[in-house]
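Structure provided below as structure tokens; questions to follow.
Residue numbering restarts at 1 for every chain, and letters A, B, ... go by the order of the sequence lines. Values below: every heavy atom of this structure, side chains too, minus hydrogens, waters and symmetry copies.
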2 protein chains.
Amino acid sequence: MASIKDVAAEAGVSVATVSRVLNDHPSVSADARTRVLAAVEALGYRPNAVARSLRTDQTRTLGLVISDVLNPYFTHLARSVEEEARALGYSVIIGNADERPDLQDHHVRTLLDRRIDGLLVSPTDGGSPLMLDAARSGTPMVFVDRWIAGVDVPVVRSDGRTAVHDLVAHLHGLGHRRLAIIAGPAATTTGRERVEAFRQALAAYGLPLPDSHIGQGDFQAESGRRAMERFLDLAEPPEAVFAADNLMALGALDAVRVRGLRVPDDIALAAFDDIPWFVHTDPPITAIAQPTGELGRAAVRALVDRIEGRPPESVTLPARLVARRSCGEPASAEPRALRKPPVLQEATASTEPSPATNRSQS
Amino acid sequence: MASIKDVAAEAGVSVATVSRVLNDHPSVSADARTRVLAAVEALGYRPNAVARSLRTDQTRTLGLVISDVLNPYFTHLARSVEEEARALGYSVIIGNADERPDLQDHHVRTLLDRRIDGLLVSPTDGGSPLMLDAARSGTPMVFVDRWIAGVDVPVVRSDGRTAVHDLVAHLHGLGHRRLAIIAGPAATTTGRERVEAFRQALAAYGLPLPDSHIGQGDFQAESGRRAMERFLDLAEPPEAVFAADNLMALGALDAVRVRGLRVPDDIALAAFDDIPWFVHTDPPITAIAQPTGELGRAAVRALVDRIEGRPPESVTLPARLVARRSCGEPASAEPRALRKPPVLQEATASTEPSPATNRSQS
DNA sequence: CTGAAAGCGCTTACAG
DNA sequence: CTGAAAGCGCTTACAG
């Protein structure tokens, strides 16, 4: 592979001049420039990014550590992150933690070793020493979706509180009184918050949330399945179950089906996180939708602000309830306004209609 | 951030000794080793991977350029690639081409600039000059899923021919005679092959495949939707439609639903690529399943063989038909053997039951 | 406008 | 077993 020396030799100039041409430095003669460019062309020369990074101490690369690539919510997030990063001249390296703190640490370490310019993370847990060190030692960092309390890192997330209240109102309106939740890990902010919001909303209706109606999940399908099985084994099973993420909802749906029962006839089901497939499941699933694409883009902007010395902004965007058919909604409840099928919007559009945003300084 | 010099100073040895300890070089005294290790610990030192790569001319990184991250098939593939790579001591950087040749080139270029040790690609098109150059210039490379003819690059893929024949037999057995296909781009091998296999299978039954029954898609949902609309507009619409990938099937399902029609009552639908959600759609979708995880792992092994100087092997694995309910199968046709819900197997297991494999030298 | 030189943080023959 | 030194491919003050 041709190096800058080869180019310099071919063009009859010094490597310094070649470097200047390559970096658009103003003080290069037109003549030198054309000769260098010709040499670059002739040799098919491409600068070695590794060498450049070593010298400049920047990689123009962002690290993104997500909790689970197989979760469409995070896939969507990752995609929007990469798009925005590319628009700003950065590459992104994705690390998949698979909801495992050890794997998360592995990726953080690898990313740090590669000297990425900044780190975007959606932590799987309350923060390993490594993660905390990274945050404190000044590595530019931004939390997306989930965050860790007590560290001075901007957070870009969506607030599902209002939407959860809307959901409970919706369930109540449909006549459901015995409500249950399949929660995410208590070590994650989203795991805790969704249960809290649910509990508060129930309280507003004077409804109880007994421990037997809180299933402990880990955001993965299998745990949703187990939690739903336990609910169904109860002497008096819940009438409606709210799964704190889409994969647990899928597992729960499985559990219901395996018993030969039906959603929503035998039990209602709703999920946090809306994904294209929820339109097509049997029945279509009522869910709380986050502005995922906008979240990813805002996170990148915050991180790049931080990297480039501008004050980064924490951002909180609202989530919203999308009522479909899995809670026993009457046929008319299917949102006719969404006739343009969401799968296509989500899967092919690079920008969602941007929702009203609440921004708050970090 | 502490450098090797700081460690050397702290330990009272030369940087060469520090380097030897870090790289497990045998000729280091026990004493020096302990002092170095202590210094590393004390300073929280982590070797700079950028500097190491520049010096050793290897990054221990693989590039993976996939056609579309939002496609669960590729997400699954990417995950298994990362797992196997990690097991072999490599990192992987994923580039999402979004089925766009220009974006694909962007990622290949970026990856090459970073001097990744090898490249795994599932080409979106017939091969840009850049891609061809890379292949010919000796960059270790392996094609996964899709490939480009005429270049000497090992291919790891699955052969769907038999499964497509099985599908046609299945459709024929259910009484369908007017069959149609939503094809992938002719510029991709999988796009062409699936149509070819379908055409041959139809011929075996003496069934025609008129041009009006070949919808041209691009592997994305929107194109499946449009193709299905055109089929439904036909004076005599097909009785069964085979979508050449899962996203186009989803789009097609949408188109059917929007017209107020039902699958399979009004029209049967089958898809290439099986994904966890197909179990839960309404109706559950009959699909051709690839051994995706095994494909990803085999591709990594082939690439690493190539990188480390061993002869790489092309691998072809069989795909298989999974009959469900979307083609008008009788209720008993739902695979009871699969009672353990596929969503959980796919989403949480890291290894599928390994299918019989056909291996052929590249 | 241009080039010689230093240096980024490592690894690795070479000499001892 | 150990260290001094060269060098990987760049960029960038510094001097001219």
Results of side chain to side chain contact (heavy atoms under 4.5 Å, CB included) for B:T61 - residues two or more places apart only =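 B:T61: side chain to side chain contact (heavy atoms under 4.5 Å, CB included) contacts with A:R114, B:T59, B:S91, B:I93, B:I116.
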Heavy atoms, side chains only, cut-off 4.5 Å: are B:E99 and B:D218 in contact?
->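 No, every pair of side-chain atoms sits at 4.5 Å or beyond.
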Positions of residues 106-114 of chain B (non-hydrogen atom under 4.0 Å from DNA chain C), listed by number |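 Contacting residues: none.
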Could you give the start and end, 5' to 3', of the contact zone on DNA chain D for chain B, using atoms under 4.0 Å from its heavy atoms?
->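 Result: D:dC1 to D:dG9.
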Distance-only donor-acceptor pairs under 3.5 Å for side chains of residues 1-12 of chain B, two or more places apart:
| residue | atom | partner | partner atom | Å |
| --- | --- | --- | --- | --- |
| B:S3 | OG | B:K5 | N | 3.1 |
| B:D6 | OD2 | B:S3 | N | 2.7 |

Any residue meeting side chain to side chain contact (heavy atoms under 4.5 Å, CB included) with A:E308, in chain and number order, not counting sequence neighbours |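 In terms of side chain to side chain contact (heavy atoms under 4.5 Å, CB included), with neighbours along the sequence ignored, A:E308 is linked to A:R60, A:Y90, A:V304, A:R310.
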Basic-acidic side-chain contact under 4.0 Å: B:E294, B:R297 =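 Between B:R297 and B:E294 there is a salt bridge, with a charged N closer than 4.0 Å to a carboxylate O.
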Using the C1' atoms only, state how far D:dG16 lies from D:dT12, rounded to an integer number of Å.
->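 Result for the C1' pair: 16 Å, nearest Å.
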Starting at the 5' end of DNA chain D, which residue's closest nucleotide do you reach first, B:A16 or A:N48?
->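 So the residue in question is B:A16.
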Check side chain to side chain contact (heavy atoms under 4.5 Å, CB included) between B:S14 and all other residues, then give those that pass, not counting sequence neighbours.
->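 Partners of B:S14 under the side chain to side chain contact (heavy atoms under 4.5 Å, CB included) test: B:A16, B:T17.
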Could you pull out all residues at least two apart from A:D113 that satisfy salt bridge (charged side-chain N to carboxylate O under 4.0 Å, His left out)?
->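 Once residues adjacent in sequence are excluded, the partners of A:D113 under the salt bridge (charged side-chain N to carboxylate O under 4.0 Å, His left out) criterion are B:R46.
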Side chain to side chain contact (heavy atoms under 4.5 Å, CB included) partners for A:L37, two or more places apart =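 Partners of A:L37 by the side chain to side chain contact (heavy atoms under 4.5 Å, CB included) criterion, ordered by chain and then number, come out as A:V21, A:R33.
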Interface with DNA chain C, restricted to residues 17-33 of chain B and to heavy atoms under 4.0 Å =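 Hits under 4.0 Å, by residue number: B:S19, B:R20, B:N23.
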Pairing pattern in dot-bracket form [Watson-Crick, G-U; both distances under 3.5 Å; | = partner strand] for DNA chain C | |||.||||||||.|||
By salt bridge (charged side-chain N to carboxylate O under 4.0 Å, His left out), which residues pair with B:R136, not counting sequence neighbours?
->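 Not a single residue meets the salt bridge (charged side-chain N to carboxylate O under 4.0 Å, His left out) criterion with B:R136.
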So do B:E82 and A:V69 actually touch side chain to side chain, heavy atoms under 4.5 Å?
->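 Side-chain contact under 4.5 Å: no.
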Any B:E313 side-chain heavy atom under 4.5 Å of B:D305 side chain |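 No - every pair of side-chain heavy atoms lies 4.5 Å or more apart.
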Would you mind listing every salt bridge (Lys or Arg N to Asp or Glu O under 4.0 Å) that reaches into residues 119-133 of chain B, with sequence neighbours excluded?
->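 Non-adjacent pairs meeting salt bridge (Lys or Arg N to Asp or Glu O under 4.0 Å): zero.
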Are any of the side-chain nitrogens in A:R100 or A:D102 under 4.0 Å away from the carboxylate oxygens of its partner?
->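 Salt bridge between A:R100 and A:D102, a charged N being under 4.0 Å from a carboxylate O: yes.
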